[in-house]
**Student:** 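Pasting a structure below so you can have a look.
Throughout, protein chains are lettered first and strands after them, A, B, ... in sequence-line order, and every chain is numbered starting at 1.
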Amino acid sequence: MAEEKTNFIREIVKQDLASGKWDHRVHTRFPPEPNGYLHIGHAKAICLDFGLAAEFGGKTNLRFDDTNPIKEEDEYIQSIIEDVRWLGFDWEDRLYYASDYFEQMYLLAEQLVKAGKAYVDDLPPDKIREYRGTLTQPGTDSPFRDRSVEENLDLFRRMRAGEFPDGDKVLRAKIDMRHPNMNMRDPVIYRILHAAHHRTGDVWCIYPMYDWAHGLEDSIERITHSLCTLEFEDHRPLYDWFLDQLGVYHPQQIEFAPLNLTYTVMSKRKLKQLVVEGLVDGWDDPRMPTLSGLRRRGYSPEAIRVFSEEVGVAKKPSTTEIELLEHCLRTDLNKRALRVMAVLDPIKVTLKNYPEGQVEWLEAINNPEDENAGTRNIPFSRELWIERSDFREDAPRKYFRLAPGREVRLKHAYYITCTEVVKDPETGLVRELICEYDPKTKGGWSDDGRKVRGTLHWVSVAHAVDAEVRHFDRLFTQKNPDEVEPGKEFIDYFNPESLHILTGCKVEPSLMKARPGEYFQFLRNGYYCVDGKLSSPEQLVFNRSVSLRDSWARTNKTG
RNA sequence: UGGGGAGUCGUCUAAGGGUAGGACACCGGGUUUUGGUCCCGGCAGUCGGGGUUCGAAUCCCUGCUCCCCAGCCA
């Protein structure tokens with residue numbers, strides 16, 4: 001039944017492979033601009049670019065589209081390389097930079113000038129905008145549109161030579177100022193920017209625009225399928241025009257809908273604003289949809305790759321529910337996360353009939369979903385921590401945790417029965433529970449057919465390690481923070497409750513050895529990981545990656 | 001009133017003349033030393049109106065709605 005999932009781009013590739021359109025090659029590229037950190041939306045594109053090529057025995061280049069020195073930084077390049085690699089993709093020796101092609105691009109531009117298809121325009125920016133017309137009104141020709149080839153070539157060379165200040169002149173393609181597609185109204189292809197480039201330094205003072213550069217990059221690298229998002233659909237005619245005018249190798253641009261997720265934003269500009277305004281702890285804050293944030297949150301690359309496949313690829317603008325992402329994480333972590341015990345909101349239990357000073361090391365299964373995960377021993381003693389929410393004085397019948405007179409199982413340990421509740425005389429708050437354990441139930445079993453519904457997690461007081469635990473909620477309070485009411489902006493929907501810091505948590509001693517990048521399930525609580533930025537041997541800090549599904553909480557809420 | 005795209009369960013996505021399928025979400029039930037996992041079941045969709053056809057989500061006509069484009073950003 002499990003018909004393999006497909007999408008329109010995969011079908012195009014299959015057809016092209018069958019027809020031999022590209023010599024039976026598939027060669028894609030992932031072309032980020034190094035002006036920010038990669039996010040889950042990029043992951044979809046990365047998985048598409050790399051995944052599709054790999055599926056058909058093709059190749060994928062990692063290419064930095066670094067044509068704007070003002071916005072681009074080396075820090076971003078490093079993070080992008082790290083993130084793509086972390087996701088599990090390999091570009092082998094094909095790490096390219098658009099800036100490596102600047103000379104070729106320049107020469108091709110001269111070729112366009114010589115063909116009478118490009119001209120140097122002296123119009124200032126505001127005039128260029130004015131002459132462009134509007135969506136409904138045609139533009140008008142620049143007075144400089146009909147300069148001779150000789151004059152254009154001379155001026156263009158002098159632009160490169162640095163004879164003019166920023167904004168003084170531009171090189172424009174000569175297409176049609178009355179074209180219904182705004183992109184075809186003599187688009188600018190080179191601008192003067194006396195700015196140091198992160199790779200070429202001050203070698204250049206003119207830089208190519210995206211539309212000119214991108215198709216050439218694809219052409220130079222002999223890309224077959226150039227995948228990009230929907231907003232570039234309007235640019236395809238230009239992409240094709242340039243390549244056709246030049247008579248060079250001509251890849252096919254195919255557009256797909258970008259990924260949107262509920263309760264978050266996906267624009268680098270907006271994510272950067274959260275960082276700059278200090279609303280989050282950097283690009284890698286665990287609440288961020290960035291790959292570095294998801295990594296710090298405890299997402300696995302596998303979960304993200306499965307998610308990318310699950311959301312599918314189409315041309316319909318859409319917003320995926322974040323629950324699907326969480327589901328993919330739970331599915332992956334369920335198979336791999338080591339089960340450990342951690343008490344987040346501790347209340348003390350004293351076993352009245354357990355020998356003082358005695359310690360038993362009980363065997364605990366590391367992962368019931370993975371036999372190879374083995375077992376470990378955990379210390380059990382007279383005084384234990386259990387979860388405050390696992391006890392209720394006024395327990396309803398459906399509640400099968402601890403209550404006065406009720407018996408529960410301590411996971412991997414013994415059955416215990418609550419015999420006495422010690423309260424603070426001042427506040428009336430429960431301070432301690434006095435219980436009795438049944439020595440005949442070691443390991444959590446009894447052969448007398450006794451029915452014990454509840455199983456609790458616990459940590460030995462004498463052996464517990466203190467830890468800080470961080471829980472996260474949605475980054476924004478609105479399902480779609482981009483859709484703002486009049487007078488508001490997306491940042492107004494930032495969720496001030498999105499970070500909860502729990503202190504005084506008690507975790508089992510084995511967690512002292514936990515390292516960033518390892519996956520844990522805090523039994524009955526959720527999936528957690530060590531925060532690679534904040535955690536230290538002196539102060540353990542864990543992040544909750546995602547909670548466990550909780551049907552008890554659900555029935556309580558709706559009931 | 002310009003151009004380019006897109007409309008299938010609540011959400012995402014298949015089916016491209018022949019039984020509208022899957023996943024998430026949601027709702028039941030079973031198993032369970034995690035109120036987890038797993039298993040079983042349920043809910044729910046072709047934007048509207050015409051037409052062609054034995055048969056239309058699919059083809060034709062028409063209407064409607066939504067998204068993108070007026071950077072010397074990508």
Side-chain angles (χ1 to χ4, degrees), chain A residues 1-3 5-7 31-33 35 65 67-68 70-72 121 123-125 128-130 132-139 166-172 178-185 187-193 206-207 209-211 213-214 228-237 255 257 259 262 268-269 310-328 330-331 334-335 339 341 365 368-369 398-401 409-413 415 443-445 452-457 521-526 547-556 558:
Chain A
M1 302 305 103
E3 200 141 306
K5 208 170 159 104
T6 192
N7 61 60
E33 183 191 14
N35 68 341
D65 209 357
T67 57
N68 186 349
I70 313 262
K71 293 186 171 184
E72 296 148 10
D121 195 351
L123 245 31
I128 286 189
R129 192 181 322 122
E130 201 177 307
R132 187 152 34 222
T134 69
L135 294 179
T136 51
Q137 293 172 312
D166 287 3
D168 195 53
K169 287 177 171 43
V170 291
L171 183 71
R172 303 178 71 176
R178 279 156 291 278
H179 199 107
N181 180 343
M182 301 286 289
N183 294 306
M184 301 295 272
R185 318 241 258 231
V188 172
I189 59 182
Y190 269 94
R191 75 287 216 186
I192 299 172
L193 246 33
I206 58 172
Y207 291 91
M209 297 287 289
Y210 167 85
D211 286 306
H214 205 88
C228 61
T229 43
L230 249 30
E231 69 267 29
F232 293 102
E233 219 154 11
D234 285 347
H235 295 246
R236 181 159 23 97
E255 312 84 13
L259 174 72
T262 52
K268 282 193 258 186
R269 196 209 100 223
E310 287 299 310
V311 293
V313 182
K315 298 198 74 160
K316 179 176 72 163
S318 61
T319 301
T320 297
E321 292 176 336
I322 197 154
E323 286 82 357
L324 179 60
L325 214 211
E326 296 177 336
H327 168 261
C328 292
R330 287 194 184 101
T331 302
N334 177 52
K335 287 178 301 186
R339 272 61 170 176
M341 297 211 271
I365 294 238
E369 305 295 319
K398 287 272 201 55
Y399 183 87
F400 41 86
R401 276 116 99 143
R409 169 172 33 240
L410 293 182
K411 180 90 173 172
H412 303 309
Y415 291 179
W445 291 103
V452 177
R453 290 296 308 269
T455 301
L456 311 187
H457 58 279
Q521 182 193 107
F522 286 4
L523 220 67
R524 302 206 302 136
N525 268 317
S547 68
L548 248 28
R549 296 190 69 203
D550 188 350
S551 56
W552 168 241
R554 193 175 301 123
T555 56
N556 264 349
T558 53

**Student:** Please state the C1' separation for the pair B/A20 and B/G29 - nearest whole angstrom.
**Tutor:**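 Pairwise C1' distance, B/A20 against B/G29, rounds to 28 Å.
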**Student:** Does B/A74 have OP1 or OP2 under 4.0 Å away from a side-chain N or O of A/R191?
**Tutor:** yes
**Student:** Counting just side-chain N and O atoms, does A/S551 come under 4.0 Å of either OP1 or OP2 of B/G36?
**Tutor:** yes
**Student:** Just checking A/I128: base, sugar-phosphate only, or nothing, at a heavy-atom cut-off of under 4.0 Å?
**Tutor:**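 The residue A/I128 makes base contact.
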**Student:** Between B/C73, B/U34, B/A6, spot the one nearest the side chain of A/N68, thanks.
**Tutor:**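 In terms of side-chain proximity for A/N68, the closest of B/C73, B/U34, B/A6 is B/C73.
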**Student:** Among B/A23, B/A74, B/C26, which is the nearest nucleotide to the side chain of A/R554?
**Tutor:** B/C26
**Student:** Provide the distance between the two P atoms, one in B/G18 and one in B/C60, to the nearest whole Å.
**Tutor:** 15 Å
**Student:** Could you check which of B/C68, B/G2, B/U34 has an atom nearest any side-chain atom of A/P368?
**Tutor:**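 Nearest listed nucleotide: B/U34.
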**Student:** Can you say whether a donor on the side chain of A/Q137 sits under 3.5 Å from an acceptor on the base of B/G2, or the other way round?
**Tutor:** no
**Student:** Could you state the CD-P distance from A/E326 to B/C26, rounded to the nearest angstrom?
**Tutor:**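 In whole Å, B/C26 P lies 11 Å from A/E326 CD.
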**Student:** Nearest whole angstrom, please: distance from the P of B/U13 to the NE2 of A/H327.
**Tutor:** 18 Å
**Student:** Does B/U34 have OP1 or OP2 under 4.0 Å away from a side-chain N or O of A/H457?
**Tutor:** no
**Student:** Kindly point out which of B/U13, B/C69, B/A74 is positioned nearest to the side chain of A/D234?
**Tutor:**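 Nearest to the side-chain atoms of A/D234, counting from C-beta on, is B/C69.
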**Student:** Take A/Q521 and A/L548 through the side chain to side chain contact (heavy atoms under 4.5 Å, CB included) test and state the conclusion after the steps.
**Tutor:** CA-CA 9 Å; A/Q521 182 193 107; A/L548 248 28; 3.8 Å; yes
**Student:** Distance criterion of 3.5 Å, no angle test: do you see the side chain of A/R330 paired donor-to-acceptor with the base of B/U37?
**Tutor:** no
**Student:** Distance check, P atoms only: B/C68 and B/U34, in whole angstrom units.
**Tutor:** 49 Å
**Student:** Can we say A/E255 and A/R236 salt-bridge, meaning some charged N sits less than 4.0 Å from an Asp/Glu carboxylate O?
**Tutor:**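 Answer for the salt bridge query: yes.
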**Student:** With a cut-off of less than 4.0 Å, is there a side-chain N or O of A/T262 near OP1 or OP2 of B/U11?
**Tutor:** no
**Student:** Between A/D234 and A/N181, which heavy-atom pair has the shortest distance, and what is it?
**Tutor:**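 Looks like O-ND2, 2.9 Å.
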**Student:** Check whether any side-chain N or O of A/K316 sits under 4.0 Å from OP1 or OP2 of B/U13, and answer yes or no.
**Tutor:**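 Result: yes.
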**Student:** Can you tell me which nucleotide in B/A70, B/U34, B/C73 comes closest to the side chain of A/R132?
**Tutor:** B/A70
**Student:** I would like to know whether A/E233 and A/K315 meet side chain to side chain contact (heavy atoms under 4.5 Å, CB included); could you show each step before the answer?
**Tutor:** CA-CA 10 Å; A/E233 219 154 11; A/K315 298 198 74 160; 2.4 Å; yes
**Student:** For A/T331, report the nucleic acid contact type (base, sugar-phosphate, nothing); a contact means any heavy atom under 4.0 Å.
**Tutor:** nothing
**Student:** Strictly by Watson-Crick or wobble contacts shorter than 3.5 Å, is anything paired with B/U65, and which nucleotide is it?
**Tutor:** B/A6
**Student:** Expressed as a whole number of Å, how far does the P atom of B/U62 sit from that of B/C67?
**Tutor:** 24 Å
**Student:** May I ask you to say what A/Y190 touches in the nucleic acid, namely base, sugar-phosphate or nothing, with a heavy-atom cut-off under 4.0 Å?
**Tutor:** nothing
**Student:** Please classify the nucleic acid contact of A/T320 as base, sugar-phosphate, or nothing, using heavy-atom distances under 4.0 Å.
**Tutor:** sugar-phosphate
**Student:** Using a 4.0 Å heavy-atom cut-off across all strands, classify A/Q521 as base, sugar-phosphate, or nothing.
**Tutor:** base
**Student:** Tell me which nucleotide among B/A74, B/A23, B/G36 gets nearest to the side chain of A/E33.
**Tutor:** B/A74
**Student:** Can you measure A/R549 atom CZ to B/C26 atom C1' for me and round it to whole angstrom units?
**Tutor:**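 Atom-to-atom, A/R549 to B/C26, this comes out as 9 Å.
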**Student:** If I pick the P atom on B/G71 and the same atom on B/C66, what distance separates them, to the nearest angstrom?
**Tutor:** 24 Å
**Student:** Relative to the 5' end of RNA chain B, which residue comes earlier, A/R129 or A/P32, by the nucleotide with the nearest heavy atom?
**Tutor:** A/R129
**Student:** I'd like to know if A/E33 pairs up with A/K268 as an ion pair, taking the criterion as any Lys NZ or Arg NE/NH1/NH2 lying under 4.0 Å from an Asp or Glu carboxylate oxygen.
**Tutor:**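 Looking at A/K268 together with A/E33, the answer is no, because their closest N to O distance does not fall below 4.0 Å.
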**Student:** Look at the side chain of A/T136 and decide which nucleotide, out of B/G4, B/G2, B/G22, has an atom nearest to it.
**Tutor:** B/G2
**Student:** Taking all non-hydrogen atoms of both residues, which atom of A/K71 and which atom of A/N35 are closest, and how far apart?
**Tutor:** O-CB, 3.5 Å
**Student:** On RNA chain B, check which nucleotide each of A/N183 and A/I192 is closest to and give me the residue with the more 5' one.
**Tutor:** A/N183
**Student:** Using a heavy-atom cut-off of 4.0 Å across all strands, would you classify A/M209 as base, sugar-phosphate, or nothing?
**Tutor:** sugar-phosphate
**Student:** Under 4.0 Å between any heavy atoms, over every strand shown, what does A/Y207 touch: base, sugar-phosphate, or nothing? Just pick one.
**Tutor:** nothing
**Student:** Rounded to whole angstroms, how far apart are CH2 on A/W552 and P on B/G35?
**Tutor:** 11 Å
**Student:** Under 4.0 Å, heavy atoms only, any strand: does A/K71 hit a base, just the sugar-phosphate, or nothing?
**Tutor:**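 Base, at least one base atom sits under 4.0 Å.
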**Student:** Tell me if the side-chain of A/R401 makes a donor-acceptor pair with the base of B/G35, cut-off 3.5 Å, by modelled atom types.
**Tutor:**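 For A/R401, whose side chain was compared with the base of B/G35, there is a donor-acceptor pair (under 3.5 Å).
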**Student:** Just to be sure I understand the rule, does A/V452 reach a base, reach only the sugar-phosphate, or reach nothing, if contact means heavy atoms closer than 4.0 Å?
**Tutor:**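 Nothing, no nucleic acid heavy atom in range.
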**Student:** Measure from NE2 on A/H214 to P on B/A74 and round the result to the nearest Å.
**Tutor:**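 Going from NE2 in A/H214 over to P in B/A74 covers 11 Å.
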**Student:** Of the listed nucleotides (B/U13, B/C12, B/G5), which one gets closest to any side-chain atom of A/K315?
**Tutor:** B/G5
**Student:** Just to be sure I understand the rule, does A/V311 reach a base, reach only the sugar-phosphate, or reach nothing, if contact means heavy atoms closer than 4.0 Å?
**Tutor:** sugar-phosphate
**Student:** Checking all strands, does A/E233 fall into the base, sugar-phosphate, or nothing category for heavy-atom contacts under 4.0 angstrom?
**Tutor:**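 Contact class for A/E233: sugar-phosphate only.
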**Student:** Name the nucleic acid region contacted by A/I189, choosing base, sugar-phosphate or nothing; use a 4.0 angstrom heavy-atom cut-off, strictly under.
**Tutor:** nothing
**Student:** Just name whichever nucleotide pairs with B/G41, Watson-Crick or G-U, keeping both distances under 3.5 Å, else none.
**Tutor:** B/C27
**Student:** Which of the following nucleotides, B/A74, B/U34, B/A15, is nearest to the side chain of A/T6?
**Tutor:** B/A15
**Student:** Could you give the CD-to-P distance, from A/E310 to B/U11, as a whole number of Å?
**Tutor:**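 So the two atoms are 18 Å apart, to the nearest Å.
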**Student:** Classify the nucleic acid contact of A/P124 as base, sugar-phosphate or nothing, counting any heavy atom under 4.0 Å across all strands shown.
**Tutor:**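 Base contact.
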**Student:** Give me the distance, rounded to whole Å, that separates B/G21 from B/C9 when you measure between the C1' atoms they each carry.
**Tutor:**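 11 Å, rounded to whole Å.
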**Student:** Below 3.5 Å, does any donor atom in the side chain of A/E369 face an acceptor in the base of B/G36, or the other way round?
**Tutor:**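 It does, because a donor-acceptor pair links the side chain of A/E369 to the base of B/G36 below 3.5 Å.
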**Student:** Rounding to an integer number of Å, can you tell me how far A/M182 CE sits from B/A70 P?
**Tutor:**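 Rounding to the nearest Å, CE of A/M182 and P of B/A70 are 7 Å apart.
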**Student:** On a whole-Å scale, what distance lies between the C1' atoms belonging to B/U8 and B/U13?
**Tutor:**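 Pairwise C1' distance, B/U8 against B/U13, rounds to 9 Å.
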**Student:** In whole angstrom, give the distance that lies between atom CG of A/N7 and atom C1' of B/A23.
**Tutor:**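 So the two atoms are 15 Å apart, to the nearest Å.
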**Student:** Expressed as a whole number of Å, how far does the C1' atom of B/A56 sit from that of B/C61?
**Tutor:** 15 Å
**Student:** Using the glycosidic torsion, which applies to B/G50: syn (within 90° of 0) or anti (everything else)?
**Tutor:** anti
**Student:** Given B/U13, is OP1 or OP2 found less than 4.0 Å from the side-chain N or O atoms of A/S318?
**Tutor:** yes
**Student:** Could you check whether A/H235 gets within reach of a base, just the sugar-phosphate, or nothing at all, counting any heavy atom under 4.0 Å?
**Tutor:**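 Base contact.
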**Student:** Indicate the atoms forming the closest heavy-atom contact of A/P317 with A/L230, along with that distance.
**Tutor:** CG-CD2, 4.2 Å
**Student:** Could you please name the option among B/A70, B/G36, B/A74 that lies closest to any side-chain atom of A/D65?
**Tutor:**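 Nearest nucleotide to the side chain: B/A74.
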